[in-house]
Amino acid sequence: MSRKVLIAGNWKMNGLMADSQALAKEIAVKVKALRPNAEVLVCPPFTLLTTVKKALRGSKVMLGAQDCSTFDKGAHTGDVSPIQLKDAGCDYVILGHSERRTDHKESSTLVKAKAESALNAGLKVIICIGETLDERKAGKALEVTSKQIKASVPSMSTASNTVIAYEPVWAIGTGQTATPDDAEEVHAHVRKVLAEKLGKGVATRMRILYGGSMKPANAADLLAKEDIDGGLIGGASLKAADFMEIISKVK
Ligand code: PGA
C-alpha cells in the first residue's frame, strides 16, 4: 500500500513560548536523526504557531493549527482565518475535533464549510470524526461515523489535500484505546463510505488516522492494521520521548 503514514501531534490548549519552542526543537532534531518512514506534523495552539514554525526551521516536521474560520477575513472577532494560518506557515489544519464539536457545538455542516475554506486557502485538512461511548454501546459506531463522513467531507477533497482522523470520543484523553480490531473495523468502513462519496481511487489513497490515547505501548499494534495510516496524538505528543517512540514504531 502506497499510503505514507502521518503521525500528527495535537497539542490542544497546552504550552507556553519557552516549553513549546524546546519541545518543537527536540522533535525536529530527533526526527532528523531518525529519518522515519512517516510524515510528522505538530499542531500547537494559535499563539505558538510562529514560535514553533521558527523552532522547526530546516526540519521536515510540518506545522498545523487546530481550527479555522469559514471566512477569509473581516468582522469575526476571535476567529482566525485559513489565509492567516497559511501566512503563519501552516501546512495543515485540524477540523471538527470532538472537543470543538462538543465545546463549540460545531456541526458537520460547519466542519465541511471550514474544510472548503481551508482547502481554498491552500491548507491540507485533517477532518475528525468519532462516536461517543453511548453511541458505541448502542451499536451505532458505523452509522454515526458514516453520517459524519458524508456531512463533513467536502466533494473537493482529494487524497493529497485531506486526511481523516477516526477518534472515538470515549478514547480521547481517557487512557482507554480502541482495540486494533475495533479501530480497524471503523477504518475499513470509513474507507468504504469515502469510496461511495469520492470514488474508489481517492478512498484507496486517502489516509485515515487513529486518535484516542495512542501511546508508545499500543502504537505498533494499531499502526499494523491495514486501514490505519497514522495517528492523531494528544497527550503523548507533549513529551518528545513518547512522541518519538510512537514515530519509531512506523515500519
Ligand atoms: P489523546 O488525544 O491522544 O490525548 O487521547 C487525541 C486527540 O484528541 O486528538
Side-chain angles (χ1 to χ4, degrees), residues 5-15 19-20 23 27 38-46 48-49 52 61-68 90-106 108 111 114-115 118 124-133 135-136 141 144-145 148-149 152 162-180 182-183 186-187 190 207-223 225 228-250:
V5 170
L6 172 64
I7 303 291
N10 174 9
W11 293 6
K12 308 194 178 187
M13 200 172 67
N14 293 294
D19 57 289
S20 300
L23 176 59
I27 291 168
E39 291 177 3
V40 180
L41 168 70
V42 292
C43 302
F46 292 132
L48 299 169
L49 287 172
V52 169
V61 177
M62 298 179 291
L63 183 71
Q66 301 170 17
D67 179 44
C68 72
C90 286
D91 304 288
Y92 275 89
V93 59
I94 299 170
L95 295 171
H97 189 280
S98 70
E99 286 150 18
R100 295 213 56 90
R101 289 179 189 262
T102 305
D103 295 356
H104 299 276
K105 313 253 178 313
E106 289 195 6
S108 290
V111 173
K114 288 184 174 194
K124 295 178 183 184
V125 296
I126 298 178
I127 297 175
C128 304
I129 56 158
E131 83 285 359
T132 63
L133 188 57
E135 288 164 342
R136 172 153 286 264
V144 169
T145 46
Q148 288 174 323
I149 287 287
S152 310
T162 300
V163 174
I164 306 298
Y166 167 58
E167 300 202 301
V169 178
W170 48 271
I172 296 177
T174 58
Q176 249 187 299
T177 319
T179 65
D182 283 348
V186 179
H187 280 239
V190 165
R207 293 176 292 186
I208 307 173
L209 314 183
Y210 170 80
S213 300
M214 193 188 257
K215 48 192 176 228
N218 59 30
D221 289 343
L222 287 160
L223 293 170
K225 289 292 176 188
I228 301 184
D229 309 312
L232 181 55
I233 297 142
S237 73
L238 295 171
K239 284 193 201 131
D242 287 356
F243 191 53
M244 290 310 303
E245 207 179 327
I246 293 171
I247 295 169
S248 73
K249 307 282 187 198
V250 177

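Atoms within each ligand, like the ligands themselves, are counted from 1 in listed order.
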| message | Apply side chain to side chain donor-acceptor pair (under 3.5 Å) to residues H97 and Q66 and explain how you reach the verdict. | response | CA-CA 8 Å; H97 189 280; Q66 301 170 17; over 6 Å; no
| query | Which value, rounded to the nearest 0.5 Å, describes the distance between I7 atom CD1 and K249 atom NZ? | reply |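 It is 11.5 Å, given to the nearest 0.5 Å.
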Proximal atoms of ligand 1 relative to [X] (non-hydrogen, under 4.0 Å):
| X | value |
| --- | --- |
| G235 | 1 (P), 3 (O), 4 (O) |
| G173 | 1 (P), 4 (O), 5 (O) |
| A171 | 5 (O) |
| S213 | 1 (P), 3 (O), 5 (O) |

| Shortest protein heavy-atom distance from atom 9 (O) of ligand 1, along with the residue and atom involved | E167 OE2, 2.6 Å
| field | Nearest-contact summary for atom 3 (O) of ligand 1 - protein heavy atom, Å | value | G234 N, 2.8 Å
Main-chain N/O of [Y] paired to [X] side chain as donor or acceptor, under 3.5 Å:
| X | Y | answer |
| --- | --- | --- |
| R101 | C128 | yes |
| S108 | S152 | no |
| D91 | L63 | yes |

| Is there a side-chain contact between M13 and F46 (heavy atoms, below 4.5 Å)? |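 When only atoms from C-beta onward are counted, F46 and M13 do not touch, as no gap falls below 4.5 Å.
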| field | N10 and ligand 1 - part of the residue with a heavy-atom distance under 4.0 Å | value |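 Within the 4.0 Å criterion, N10 contacts ligand 1 through side-chain atoms alone.
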| request: Determine whether the side chain, the backbone, both or neither of K12 has a heavy atom under 4.0 Å from any heavy atom of ligand 1. | output: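 Just the side chain.
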| field | Min heavy-atom dist A236 to ligand 1 below 4.0 Å | value | no
| request: Before signing off on this row, confirm whether H97 and ligand 1 have an N or O atom pair separated by under 3.5 Å. | output: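 Yes - when backbone and side-chain N and O of H97 are compared with those of ligand 1, one distance drops under 3.5 Å.
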| query | Can a salt bridge be assigned to the pair E39 and R207 using a cut-off of 4.0 Å between side-chain N and carboxylate O? | reply |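 Yes, E39 and R207 are salt-bridged.
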